[in-house]
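Following this message is one structure expressed as structure tokens.
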2 protein chains.
Amino acid sequence: MIDEDETRLDRAFVALGDPVRRAIIARLSRGPATVNELAEPIPMTLQGVSKHIQVLEQAGLITRSRDGQRRPCHLNAVALEALTAWIDNYRLIAERQFRRLDSVLTAITPMQEEEEK
Amino acid sequence: MIDEDETRLDRAFVALGDPVRRAIIARLSRGPATVNELAEPIPMTLQGVSKHIQVLEQAGLITRSRDGQRRPCHLNAVALEALTAWIDNYRLIAERQFRRLDSVLTAITPMQEEEEK
DNA sequence: TATTTGATCAACCGATTGGTTGATCATCTA
DNA sequence: TAGATGATCAACCAATCGGTTGATCAAATA
């Protein structure tokens with residue numbers, strides 16, 4: 001259980017790496033929906049869609065409640081926030097590196113802009 | 001070629017769904033590195049690491065330059081930004097939904113907090 | 001109670017993935 | 001020029017994935 005966060009992060013990223021599952025996320029962003037409602041526009045069997053939903057649930061990206069025999073799905077904002085936080089961390093570092101490299105280059109070849117004109 | 005963006009997004013998310021590849025991203029956040037340098041701390045053959053790097057490159061998450069026989073890798077901030085933008089969009093919507101639901105619930109059962117005490 | 005409906009479980013299958021070993025390529029260097 | 005080095009290519013393998021069909025379950029309804 002020591003790498004529980006790691007596998008959770010794995011599952012979340014992999015889950016988003018499928019266009020069907022991203023379409024489900026997009027649909028849920030307009031409000032909760034049942035399995036049948038989510039499956040309706042997708043050219044796939046209900047069981048197939050159900051599997052995709054389970055992947056999203058195991059990744060923590062969605063949660064499910066119970067309403068009689070229906071199982072409404074909801075987006076989980078907290079999980080999405082964890083993903084953006086992870087990516088954003090490295091994004092900012094990469095951007096900082098790029099700016100630093102840029103300043104080094106302009107310091108080495110200060111006439112570059114003029115020459116290109 | 002109509003769904004080029006879609007498959008690019010697929011590849012990027014799937015690429016991040018592997019702890020080895022995320023470790024490579026983390027290493028590159030401290031500056032560019034060659035294949036050998038990236039492979040050194042990873043308990044895997046050089047060919048295995050090379051494959052992971054190719055996955056990251058095809059996903060657009062890293063770029064590669066040439067320095068003699070070396071192929072230094074660099075983080076691609078632009079690709080990371082596209083990912084955060086995608087996730088953040090739905091995250092914000094989900095949070096807004098949650099707040100709205102919250103306000104509806106407190107409006108329906110205004111005495112809930114008191115009863116639970 | 002019998003039937004329909006929403007959803008899952010189980011088994012299967014082809015395609016893809018993640019890793020290996022062995023060979024090869026291209027560049028650097030003695 | 002002859003090795004040594006950085007990196008990739010090719011073939012293979014076990015495991016996982018994405019989808020199907022068929023059976024089943026539990027709740028709603030006639």
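Lettering follows sequence order; numbering is per chain, from 1.
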From CZ of A:Arg11 over to P of D:dG18, roughly how many Å is that when rounded to an integer?
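Taking atom P of D:dG18 as the reference, CZ of A:Arg11 is at 13 Å.
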
For A:Gln58 and D:dT16, give me the distance from atom CD to atom P, rounded to whole Å.
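Value for this atom pair: 14 Å.
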
Hey, is the main chain of B:Arg11 close enough, under 3.5 Å, to the side chain of B:Gln58 for a donor-acceptor pair?
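Checking the backbone N and O of B:Arg11 against the side chain of B:Gln58, no donor-acceptor pair under 3.5 Å is found.
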
Earlier contact from the 5' end, DNA chain D, for A:Asp18 and B:Arg64
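The 5'-side residue here is B:Arg64.
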
Using a 4.0 Å heavy-atom cut-off, does B:Gly68 contact any base of the nucleic acid, only the sugar-phosphate backbone, or nothing at all?
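Touches sugar-phosphate only.
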
Do A:Arg22 side-chain atoms and A:Leu16 backbone N/O form a donor-acceptor pair below 3.5 Å?
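It does hold such a pair.
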
Closest approach of A:Ser65 and A:His74, non-hydrogen atoms and distance?
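Where A:Ser65 meets A:His74 most closely, the heavy atoms are OG-NE2, 2.8 Å.
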
Regarding A:Arg66, tell me which of base, sugar-phosphate or nothing describes its non-hydrogen contacts under 4.0 Å with the strands shown.
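The residue A:Arg66 makes no contact with any strand.
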
Between A:Asp67 and A:Arg70, is the closest basic N to carboxylate O distance under 4.0 Å?
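No, this pair does not count.
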
Measure from CZ on A:Arg70 to C1' on D:dC25 and round the result to the nearest Å.
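To the nearest whole Å, that distance equals 17 Å.
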
Going 5' to 3' along DNA chain C, which are the first and last nucleotides with any atom under 4.0 Å from a heavy atom of chain B?
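In short, chain B contacts DNA chain C from C:dG18 to C:dC28.
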
B:Asn76 side chain to B:Gly60 main-chain N or O, any donor-acceptor pair under 3.5 Å?
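Such a contact is found between B:Asn76 side chain and B:Gly60 backbone.
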
Please check: side-chain N/O of A:Glu37 versus main-chain N/O of A:Thr34, any donor-acceptor pairing under 3.5 Å?
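Here the side-chain-to-backbone pair exists.
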
When you match A:Glu57 and A:Lys51 each to their closest nucleotide on DNA chain C, which lands nearer the 5' end?
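Residue closer to the 5' terminus by nearest nucleotide: A:Glu57.
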
Length of the line joining A:Gln54:CD and D:dG19:P, which is rounded to integer Å
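Rounding to the nearest Å, CD of A:Gln54 and P of D:dG19 are 14 Å apart.
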
Look only at the side chain of A:Glu81 and the backbone of B:Arg91, and say whether a donor-acceptor pair between them is shorter than 3.5 Å.
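Looks like no, no N/O pair under 3.5 Å.
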
Under 3.5 Å donor-acceptor, A:Arg21 side chain and A:His52 backbone:
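A pair under 3.5 Å: no.
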
Are the side chain of B:Arg27 and the backbone N or O of B:Leu38 linked by a donor-acceptor pair below 3.5 Å?
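Looks like no, no N/O pair under 3.5 Å.
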
Rounded to the Å, how far apart are B:Asp67 CG and D:dA7 P?
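So the CG-P distance, B:Asp67 to D:dA7, works out to 9 Å.
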
How large an angle, rounded to 10°, do the end axes of the helix from C:dT1-D:dA30 to C:dA30-D:dT1 enclose when each is built from five base pairs?
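About 10° separates the two local helix axes.
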
Considering every strand and a 4.0 Å limit on heavy-atom distances, what is the contact class for A:Gln47: base, sugar-phosphate, or nothing?
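Answer is base: heavy atoms of A:Gln47 come under 4.0 Å of a base.
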
